[in-house]
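Chain A is the first sequence line, chain B the second, and so forth, proteins listed ahead of strands; every chain is numbered from 1. Basis for what follows: all heavy atoms, side chains included, without hydrogens, waters or symmetry-related copies.
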Amino acid sequence: MINITLKDGSVRQYSKGTTVLEVTEDISRGLAKKALAGKYNGKIVDLNTKLAEDGSLEIVTFDDPEGQEAYRHTTSHIMAQAVQRLYPGTKLAIGPAINDGYYYDFDSEHTFTPEDLAKIEAEMEKIIKADYPLTRKVMSRQEALDFFTDRGETYKVELIRDLPEDAEISLYEQGEFIDLCAGPHVPSTGRIKANKLMNLAGAYWRGNVKNKMLQRIYGTSFPKKQELEDYLFRLEEAKKRDHRKIGQELKLFTIMEEGPGFPFFFPKGMVIRNELEAYWRELHRTWGYQEIKTPVILNRQLWERSGHWYNYRENMYTTLIDEEEYAIKPMNCPGAILVYASEPHSYREFPLRLSEMGLVHRHELSGALHGLMRVRSFTQDDSHIFMLPSQITDEIKAVIDLVDTMYKKFGFEYHVELSTKPENAIGSDEAWEMTTNALEKALQEKGMPYKVNPGDGAFYGPKIDFHLKDSIGRTWQCGTIQLDSNLPERFDLTYIGEDGQKHRPIMIHRVAFGSIERFIAILTEHYAGAFPTWLAPVQVKILPITDRQHEYAEKLQQELFAAGVRVEVDHRSEKIGYKIREARLERVPYMLVIGDKEMENGTVALRKRGEGDQGAVDFASFKAELLQEIAERV
RNA sequence: GCUGGCGUAGCUCAGUAGGUAGAGCGCAUCCUUGGUAAGGAUGAGGUCACCGGUUCAAUUCCGGUCGCUAGCUCCA
């Protein structure tokens with residue numbers, strides 16, 4: 001324990017390694033303006049001062065996650081205070097700090113509009129100017145229950161009810177406002193220097209669809225005005241990378257009203273798709289996979305047997321054929337299983353890796369649709385791997401390596417999550433335990449950091465998920481490895497073992513891209529539309545300066561075309577600056593400007609994306625380097 | 001699916017305090033042949049998302065539907 005002498009002369013004890021955030025009550029009265037908590041070894045201890053394990057003091061700044069949380073969390077209290085001033089009777093739910101800011105959930109008779117945000121912001125400004133100290137209060141559970149019941153804060157009452165009987169309950173007070181809160185906070189409201197309310201949204205109480213939908217207001221705050229401005233600028237910049245915007249500008253794909261969630265791919269989008277698939281096929285061939293294709297429509301009986309009919313029905317499209325019920329596949333596994341079961345297998349074939357670019361359809365909720373990231377019709381780069389129990393760990397590690405190889409190719413940063421048994425799980429507890437342990441073991445042996453997502457697994461098995469970030473930092477699940485001990489059972493899959501007897505194989509489902517659609521969306525945002533040459537829809541654009549070069553332009557075009565290059569000639573009667581501008585907007589990697597000089601010398605004036613004018617280069621050597629770059633997929 | 005916002009030309013958007021609409025870009029044609037981010041002229045293009053209601057009159061007001069969107073929920 002450490003003794004801290006407070007300004008009023010009293011001494012309080014704090015344990016090492018904790019942040020001194022609770023001293024507020026001691027110092028707030030009268031000292032708030034200075035926001036000093038006390039002194040320790042002659043040094044000033046502020047609310048944002050941390051006592052390290054060795055007893056030394058460490059100032060917690062906004063750059064520390066803890067300091068940032070205290071800062072934003074305080075701002076959320078200020079927002080709640082402003083809202084309750086402007087809209088009396090509004091009940092408070094929860095209001096945490098989050099990644100880029102904070103939010104607070106309200107239950108109010110008043111429906112907030114975007115115009116209200118400005119009013120609330122102005123009221124928040126008043127509270128900040130008033131520089132109210134934040135005072136911590138402690139109550140027993142019963143006292144807190146009575147207190148919030150009196151105030152009609154039914155959500156807070158519900159939160160307190162969930163706490164243990166002997167819990168010590170902390171509240172933070174600022175001016176006339178008081179809120180149930182564990183802290184931490186900054187010492188006074190005046191600490192907030194830059195604040196902005198971002199948007200309005202609905203959110204279910206406690207994240208449960210069955211509960212009331214509350215009104216959530218998102219905001220963000222920073223210690224400096226400039227930091228807020230920088231943040232808003234970055235957000236604007238990030239929006240320019242949005243794949244929905246770039247997808248339209250570059251004519252990659254569209255989604256029309258005639259088919260919500262069912263994307264159309266334009267020729268340029270198909271180029272990227274096909275290149276990705278070609279890369280995928282090449283890689284999978286060398287990694288020991290064999291490709292199959294299974295039907296999109298299969299009968300109801302199959303889906304009943306697989307369990308999808310009972311566990312995934314609300315997401316499945318169905319249809320009648322000759323008065324028999326069929327379903328459009330939402331997953332590829334049953335098809336792959338039928339392929340497996342179509343002939344007897346020996347353990348000598350294992351691991352048997354069957355891959356499939358499988359087109360699946362899922363009835364996703366309309367509100368969940370999001371460009372190519374979340375659609376109702378998508379192609380999974382699926383594989384089903386059949387193996388011996390003894391091969392599980394190595395095979396999972398191999399899949400992790402394959403996914404890593406693919407993501408590194410594009411320079412992606414990703415994080416991994418392990419999702420465990422959900423509520424609607426099928427199969428025995430023992431099977432779930434065995435499969436979950438197997439996944440965990442593989443992750444540990446790979447030394448891969450991961451986060452556990454309890455209850456987030458698929459209904460047939462636990463999974464490892466690979467998450468990638470989009471332009472504004474939202475993460476999307478792409479790759480996944482799922483261990484399934486259920487379907488082999490349901491379909492009575494077998495292999496002949498060394499002992500000549502029938503045994504049950506282990507099955508893995510896995511995707512690496514995840515879905516081609518989502519992966520293209522992530523890629524588009526990652527590159528901001530400037531795809532590497534091997535993926536670029538147009539790799540080379542030839543720009544003749546006048547009509548005199550058209551013949552030469554076509555000759556070059558044909559030569560590149562014959563070598564498999566995607567090349568276009570801009571022979572409109574526009575000035576060269578104009579043609580360059582357009583080709584730049586299209587993010588074409590290489591522009592070949594040709595005028596009389598180049599025509600005479602058999603050269604091209606090369607303009608490289610991101611690097612500008614490269615001067616005259618020999619066409620043959622340009623072509624050779626280009627072809628090599630494409631072949632190496634760099 | 002839920003809550004809020006939005007829906008005007010291919011795109012980005014303006015507009016009508018209720019009297020059937022405009023700009024820029026793009027597109028077409030013509031002039032221009034110009035050396036590294038926008039040359040000029042003319043023209044075509046809209047059942048103002050859809051369906052109802054109010055009104056002499058609705059793109060505008062009201063209701064519903066569909067779609068998009070920010071989140072929530074759900075997921076690759």
Side-chain angles (χ1 to χ4, degrees), chain A residues 103 105 111-117 198-218 242 244-245 248-249 251 254-261 312 314-315 330-332 358 360 362-382 419 422 456 458 463 465-468 472 474 476-480 482 509-519 521-522 543-550 572-585 591 593-598 605-607 612-616:
Chain A
Y103 68 79
D105 286 347
T111 302
F112 299 118
T113 65
E115 292 74 50
D116 294 337
L117 294 187
M198 304 297 289
N199 51 357
L200 285 162
Y204 300 106
W205 167 236
R206 302 203 136 177
N208 190 330
V209 211
K210 294 188 183 113
N211 290 339
K212 182 165 184 181
M213 179 158 273
L214 307 170
Q215 301 186 68
R216 176 173 295 180
I217 301 179
Y218 285 90
D242 192 311
R244 293 168 297 186
K245 183 176 158 65
Q248 185 193 63
E249 286 168 359
K251 300 190 173 115
T254 191
I255 298 172
M256 310 203 206
E257 225 173 280
E258 289 81 350
Y312 208 71
E314 67 277 15
N315 283 307
M331 297 185 192
N332 302 302
V360 298
R362 298 182 185 173
H363 180 83
E364 300 291 347
L365 294 179
S366 58
L369 303 178
H370 183 98
L372 284 186
M373 295 279 192
R374 190 75 180 275
V375 289
R376 286 175 169 159
S377 160
F378 56 102
T379 302
Q380 294 183 304
D381 63 319
D382 223 333
S419 298
D456 239 15
K463 57 182 185 175
D465 300 326
F466 296 80
H467 295 252
L468 294 172
I472 61 170
R474 291 176 292 209
W476 297 86
Q477 183 187 317
C478 290
T480 160
Q482 313 183 345
H509 315 247
R510 50 112 283 190
V511 287
F513 284 139
S515 83
I516 301 288
E517 289 76 6
R518 179 175 289 181
F519 202 80
I522 299 262
L543 312 178
I545 290 172
T546 73
D547 293 349
R548 289 191 299 282
Q549 294 88 34
H550 280 189
R572 293 175 301 174
S573 58
E574 294 291 348
K575 290 191 173 170
I576 192 65
Y578 185 85
K579 293 182 183 179
I580 287 169
R581 179 186 144 80
E582 295 229 319
R584 277 185 63 114
L585 292 176
M591 290 178 227
V593 176
I594 52 173
D596 288 334
K597 269 187 287 177
E598 288 75 16
L606 179 64
R607 202 174 210 286
D613 193 355
Q614 308 288 299

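- Separating the C1' atom of A38(B) from that of C25(B) is a span of 10 Å, rounded to the nearest Å.
- Separating the C1' atom of A37(B) from that of U73(B) is a span of 46 Å, rounded to the nearest Å.
- The C1' atoms of U55(B) and G15(B) are separated by 22 Å, rounded to the nearest whole Å.
- Within 4.0 Å of T111(A), counting heavy atoms only, lie sugar-phosphate atoms of the nucleic acid but no base atom.
- Nucleotides U54(B) and A41(B) have their P atoms positioned 50 Å apart, rounded to a whole Å.
- Rounded to a whole angstrom, the distance from the P atom of G53(B) to that of U59(B) is 13 Å.
- G67(B) and A49(B) are spaced 8 Å apart, taking the C1' atom of each and rounding to whole Å.
- In RNA chain B, runs of at least 3 consecutive Watson-Crick or G-U pairs, each pair with both distances below 3.5 Å, span B:1-7 with B:66-72, B:10-13 with B:22-25, B:27-31 with B:39-43, B:49-53 with B:61-65.
- Inspection of the D596(A) and Q549(A) side chains reveals an N or O donor paired with an N or O acceptor under 3.5 Å.
- For the C1' atom pair drawn from A58(B) and A21(B), the interatomic distance equals 14 Å after rounding to whole Å.
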(request) Summarise protein proximity over nucleotides 63-76 of chain B in one line of letters, 5' to 3': B for base, S for sugar-phosphate only, - for none, counting protein heavy atoms closer than 4.0 Å. (result) ----SSSSBBBBBB

(request) Let me have a per-nucleotide readout for nucleotides 34-46 of chain B, 5' to 3', with B, S or -, counting only protein heavy atoms under 4.0 Å. (result) BBBBBB-------

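- With I217(A) as reference, L200(A) is the one residue of D105(A), N199(A), L200(A) to meet the side chain to side chain contact (heavy atoms under 4.5 Å, CB included) rule.
- A heavy-atom distance below 4.5 Å is found between the side chains of S366(A) and R376(A).
- Atom name P, nucleotides C68(B) and A28(B): the rounded distance is 31 Å, in whole Å.
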